[in-house]
Amino acid sequence: MFVHHVFFYLNNPESEADQATLLEGLTKLAQCPTIKLSHIGTPADTNRSVIERTYAYSWLCFFDSPADEEAYQQDPIHDDFRVNYAHLWEKVVIYDSVG
């Protein structure tokens, strides 16, 4: 299994329009055929010193293999997402793991 977890930090974090646009893009991205399972999330209302809550969206994807994740990276849907939505974020943090 390969897990790909992405955190998006928006240029305009208070903009509801930008949040909605990024959600639209992530929903389209979820259609990539090699994704086994995906989840789009927002920060939970938890408050402990170790919790990071300044991101706008969390994008969590599970793949059957590293090869499937690599195919996702090359998929035209993923390319479209980068081209059409990257202007919305100032920073992206990615955690990939295998198990």
Side-chain angles (χ1 to χ4, degrees):
M1 176 161 304
F2 190 100
V3 178
H4 181 65
H5 202 175
V6 183
F7 296 87
F8 293 92
Y9 297 80
L10 295 179
N11 289 317
N12 301 303
E14 303 303 319
S15 170
E16 290 182 16
D18 285 3
Q19 291 173 25
T21 301
L22 182 55
L23 178 58
E24 168 193 274
L26 290 169
T27 302
K28 290 178 184 179
L29 189 57
Q31 301 307 308
C32 285
T34 59
I35 296 173
K36 183 175 184 174
L37 178 68
S38 67
H39 176 267
I40 301 167
T42 57
D45 192 20
T46 51
N47 192 11
R48 293 185 297 278
S49 63
V50 296
I51 296 175
E52 165 57 33
R53 294 181 43 217
T54 61
Y55 62 92
Y57 282 103
S58 161
W59 168 244
L60 177 62
C61 302
F62 293 86
F63 300 89
D64 284 330
S65 68
D68 283 352
E69 194 273 340
E70 184 57 33
Y72 156 82
Q73 292 293 334
Q74 305 303 320
D75 192 289
I77 297 170
H78 190 264
D79 291 340
D80 178 73
F81 176 75
R82 284 191 304 249
V83 167
N84 293 307
Y85 297 93
H87 70 279
L88 296 170
W89 58 75
E90 71 171 351
K91 179 173 86 167
V92 173
V93 176
I94 300 173
Y95 296 94
D96 287 342
S97 62
V98 295

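Just the heavy atoms: all of them, side chains too, but no hydrogens, waters or symmetry mates, feed the values below. Given the structure is predicted, the values throughout are model-derived calculations rather than measurements.
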Under 4.5 Å side-chain heavy-atom separation, chaining through any Ile, Leu, Val, Met, Phe, Trp or Tyr, what else clusters with Leu60? Say none if it is isolated. Met1, Val3, Leu37, Phe62

Joint cluster assignment, [X] & [Y], ILVMFWY side-chain distance < 4.5 Å:
X: Phe63; Y: Val98; answer: yes
X: Leu22; Y: Ile40; answer: yes
X: Tyr55; Y: Leu23; answer: no

Would you please indicate if the ring centroids of His78 and Tyr72 are separated by under 6.0 Å? yes

Applying side chain to side chain donor-acceptor pair (under 3.5 Å), name anything that partners His39, two or more places apart in sequence or on another chain. none

Results of side chain to side chain donor-acceptor pair (under 3.5 Å) for Ser38 - residues two or more places apart only: none

Using residues 85-92 as the side-chain source, report each donor-acceptor pair under 3.5 Å to any protein atom, sequence neighbours left out, with the distance given to one decimal.
unit_1 : atom_1 : unit_2 : atom_2 : d
Tyr85  : OH     : Glu24  : OE2    : 2.8
Tyr85  : OH     : Lys28  : NZ     : 3.3
His87  : ND1    : Asn84  : O      : 3.4

Test: salt bridge (charged side-chain N to carboxylate O under 4.0 Å, His left out). Region: [range]. Which pairs qualify, not counting sequence neighbours?
range: residues 60-70; result: Lys36-Asp64
range: residues 2-14; result: none
range: residues 50-59; result: Asp45-Arg53

Once salt bridge (Lys or Arg N to Asp or Glu O under 4.0 Å) is applied, do any residues pair with Asp79, and if so which ones, sequence neighbours excluded? Arg82

Can you list everything that forms a salt bridge (Lys or Arg N to Asp or Glu O under 4.0 Å) with Asp96? Sequence neighbours excluded, please. none

Interatomic spacing from [atom1] in [X] to [atom2] in [Y] - rounded to 0.5 Å:
X: Leu29; Y: Ile35; atom1: CG; atom2: CD1; value: 5.5 Å
X: Tyr57; Y: Gln19; atom1: OH; atom2: CD; value: 5.5 Å
X: Cys32; Y: Gln73; atom1: SG; atom2: CD; value: 9.0 Å
X: Phe2; Y: Ser97; atom1: CZ; atom2: OG; value: 7.5 Å

So, for Thr42 and Ala56, which heavy atoms are closest and what is the spacing to 0.1 Å? CG2-O, 3.6 Å

Shortest non-hydrogen pair, Phe7 vs Tyr95, comes out as CE1-CD1, 3.7 Å

Kindly indicate, with the supporting measurements, whether the criterion side chain to side chain contact (heavy atoms under 4.5 Å, CB included) is fulfilled by Asp80 and Ile77. CA-CA 5 Å; Asp80 178 73; Ile77 297 170; 5.7 Å; no

Pairwise side-chain contact, Asn11 with Asp18, heavy-atom cut-off 4.5 Å (strictly under): no

Let me see the working for Phe8 and Leu26 under side chain to side chain contact (heavy atoms under 4.5 Å, CB included), right down to the final yes or no. CA-CA 11 Å; Phe8 293 92; Leu26 290 169; 3.8 Å; yes

